[in-house]
Amino acid sequence: MKVVLPDNAELELPEGASGLDAARAIGPKLAEQAVLVEVDGKPRDLRLPLANGERVRFLTTRDSSDPAALYVLRHSSAHLLAEAVRRLYPGVKIAIGPPIENGFYYDFDFPEPISESDLERIEEEVRREIAEGREWSREEIARDDAVKRFEAEDEPYKVELVDTAEGDISLYTQGDFTDLCRGLHLQNARPIKAFKLTGLAGAYWRGDERNRQLTRIYGTAFYSQADLDAYLERLEQARARDHRRLGVQLDLFHLDEISPGSPFWHPKGAVIWNELEAMRRRENAARGYSEVRTPLIFDKALWERSGHWEKFRENMFLIPEDDHIFAIKPMNCPGHMMLFAQQLRSYRELPLRYAEAAPLHRNERAGTLHGLTRVRIVTQDDAHIFCTREQIEDEIFGCLDYAKFVYDLFGLESSFELSTRPENRLGADEEWDFTEAALQAALERRGLEFSVNEGDGAFYGPKIDLHMRDSLGRAWQMGTVQLDALTPARIGCSYVGADNAEHVPYVIHRALMGSFERFIGILTEHYAGAFPFWIAPVQIRVLPVGESHRDAAHELAAGLAPYRVEVDASDDTVGKRIRNAEVEKIPFVLVYGDKESEDALAIREHGGLKDTLSLQEFRAKLATLVPWQAGAEPSLTS
RNA sequence: GCCGGAGUAGCUCAGCUGGUAGAGCGCCUCUCUUGUAAAGAGGAUGCCAGGGGUUCGAGUCCCCUCUCCGGCUCCA
């Protein structure tokens, strides 16, 4: 048989030859260094046979940053970890140990709990294994034999995995350790040049909290020590962008245990908030939304009608009052629907778009709070659009266009996800066919790349979510656009159609930034605290050189209205005051002394770029930095 | 809610095996009046998260609670 190499050359091989055989046929060095073979673009274990006509490409230890090559390295590292743990902790049961984005983990059921201090000795044991040398071999066995084998070893988790595994059962063995595993694995442990255990955590068996909690050991591995060092360095830098750290450093907000998950916004943080709020109002007005205000607390009766009482009560803050109970709203929808339902509505009023950025409260489970990204007070840039069936696609399109406008304004990279009908749902399949198609059509019409999350929609309709990552790579949901064909009827929303009959409107729930709290958290990390001019808490700082320049500096600052300008007339040296402004990440510093005048301002941008401009020129430059002043008037793209 | 870790000055952190608390930055005062990332000198600052216990004596050891951190689970 023949296989095709990347340069299109054909390689003649005996029937049934493996990837490793092919590598040997090309050269001993390649065979030694190969870690996997890509067949028609898909990774395959070197030990598996190739077939006639397949296009092959070898990845070697030199492809040290290739995700597939790292995956193999880390998968094998996980097996070394399991071997070490079994040797050091007799009686431990092993569960699963896959490679993940930046490393790998392995889940164990320890007879006695272990702590972080144990990691060091486990790590040493793995290093010893690597030094001693390990080779992996692969075998395929019958399902029954696999069950017997793991029962004999008293490995109940493995038995369960064999039971639910699909396809052939394969085993990989290194040293005296054999694991149920689909692969792929290295030929031997030599390529593992850097190995590090990074953490310890609890994790439920099969990700279900009703199951037993296992101990998960996280680690990472690289093809070189330098790669590991670089990875740790990147992590360190990412921590410097962490909004929780920057929030305190830049005096934006703080949290206090007197009200967990509820930030205190300091003056500088409030400036950012208010700029976002101004943007929200300006855009909403331009895009045909009406601002409304609805109560913060409602009688439990409303939540019973909306369905929240049944589904969301655990997350609601309740206020008992004599013989009935109020609840602080965790969402705006019921209030907006009450508002809609208060009058007899005509189809001529639709689409009707209600916007409200009210503070919502959600009693999140203890242990889930996280800086600004997981809070108990959630101020969504919320809106509800009441529309007819025919208007759905256009309205979804409008939401997506708006979302894109907001994200582009900040240069944020987001991913759109379409979530479709869940198993547990209400409504006929034809209805879901229609609504899912409408959402997809809107996504395509707006030209957005999106992924599909099958079965992850709400029980009342499909949705489109926007996700972003924080500085440490954790994904957070930001915006959401959801179609709801159920709640409006429950609250009693209806309108009179052209046919003079009563109809229930569809409602689109949508928040684009998501919440101000989370959005500012993500923005802080995105900009590493150096906010763009238009939302910077302090936009310009004027530094009078000496005492005699202070009055002129104040005049200059006044002349720069309405920008947010401060004069730093403290006794510190000019050098120190510049440093302070840099540390505070203020966009512009004007040093004002004998050499400066309105015709010649000494301008320093954050980062050190210097320029001399007249006041007029400087103002013209500033105007270009404010999106809606620079002629970027909002417009519906279509 | 679960597993593991941590809470010391406004911030970042030191405080070994128990003997009553420290540094740098910041803050205050004084001197200097500054030219593009740190002038100099002096000073103040703590319920050592909260509560209970062991001890002659607890920041340090034990127990409980709260909060935070890393995960898991959850997340309309």
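All chains are named by letter (A, B, ...) in the order of the sequence lines, taking the proteins before the strands, and each is independently numbered beginning at 1.
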Whether the side chain of [X] and the base of [N] hold a donor-acceptor pair under 3.5 Å is what I'd like checked.
X         : N      : value
Tyr592(A) : G35(B) : no
Arg604(A) : A37(B) : yes
Arg212(A) : C3(B)  : no
Glu547(A) : U33(B) : yes
Glu596(A) : G35(B) : yes
Arg365(A) : C75(B) : no

Select one nucleotide: of C11(B), G26(B), A37(B), the one nearest the side-chain heavy atoms of Lys576(A).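 The answer is G26(B).
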Among the nucleotides C72(B), A37(B), G35(B), whichever has the atom closest to the side chain of Lys595(A) is G35(B)
Should [N] form a Watson-Crick or G-U wobble pair with both distances under 3.5 Å, which nucleotide is its partner?
N      : answer
G7(B)  : C66(B)
U45(B) : none
U54(B) : none

Counting any heavy atom closer than 4.0 Å, what does [X] reach on the DNA or RNA strands: base, sugar-phosphate only, or nothing?
X         : answer
Ala602(A) : base
His509(A) : nothing
Gly371(A) : sugar-phosphate
Asp594(A) : base
Ala458(A) : nothing
Asn315(A) : nothing
Leu214(A) : nothing

On a heavy-atom basis, which atom in His266(A) and which in Asp251(A) lie closest, and how many Å separate them?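 Answer, listing the atom of His266(A) first, then Asp251(A): ND1-OD1, 2.7 Å.
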Counting just side-chain N and O atoms, does [X] come under 4.0 Å of either OP1 or OP2 of [N]?
X         : N      : value
Thr573(A) : U34(B) : no
His370(A) : G70(B) : yes
Arg244(A) : G70(B) : yes

Backbone of Gln477(A) reached by a side-chain donor or acceptor of Arg518(A) within 3.5 Å: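 Here the side-chain-to-backbone pair exists.
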So does Glu454(A) pair up with Arg421(A), basic N to acidic O under 4.0 Å?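 No.
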Pair Asp242(A) + Arg244(A), salt bridge at N-O below 4.0 Å: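 Yes, Asp242(A) and Arg244(A) are salt-bridged.
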Separation between the P atoms of U36(B) and C28(B), rounded to whole Å: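 Result for the P pair: 26 Å, nearest Å.
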Give me the distance, rounded to whole Å, that separates C27(B) from C75(B) when you measure between the C1' atoms they each carry. 42 Å
Specify the separation, in whole Å, of atom CZ of Phe312(A) and atom P of C75(B).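 Taking CZ of Phe312(A) and P of C75(B), I get 9 Å after rounding.
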If each of Gly307(A) and Gly199(A) is mapped to the nucleotide of RNA chain B with the nearest heavy atom, which maps nearer the 5' terminus, i.e. the 5' end? Gly199(A)
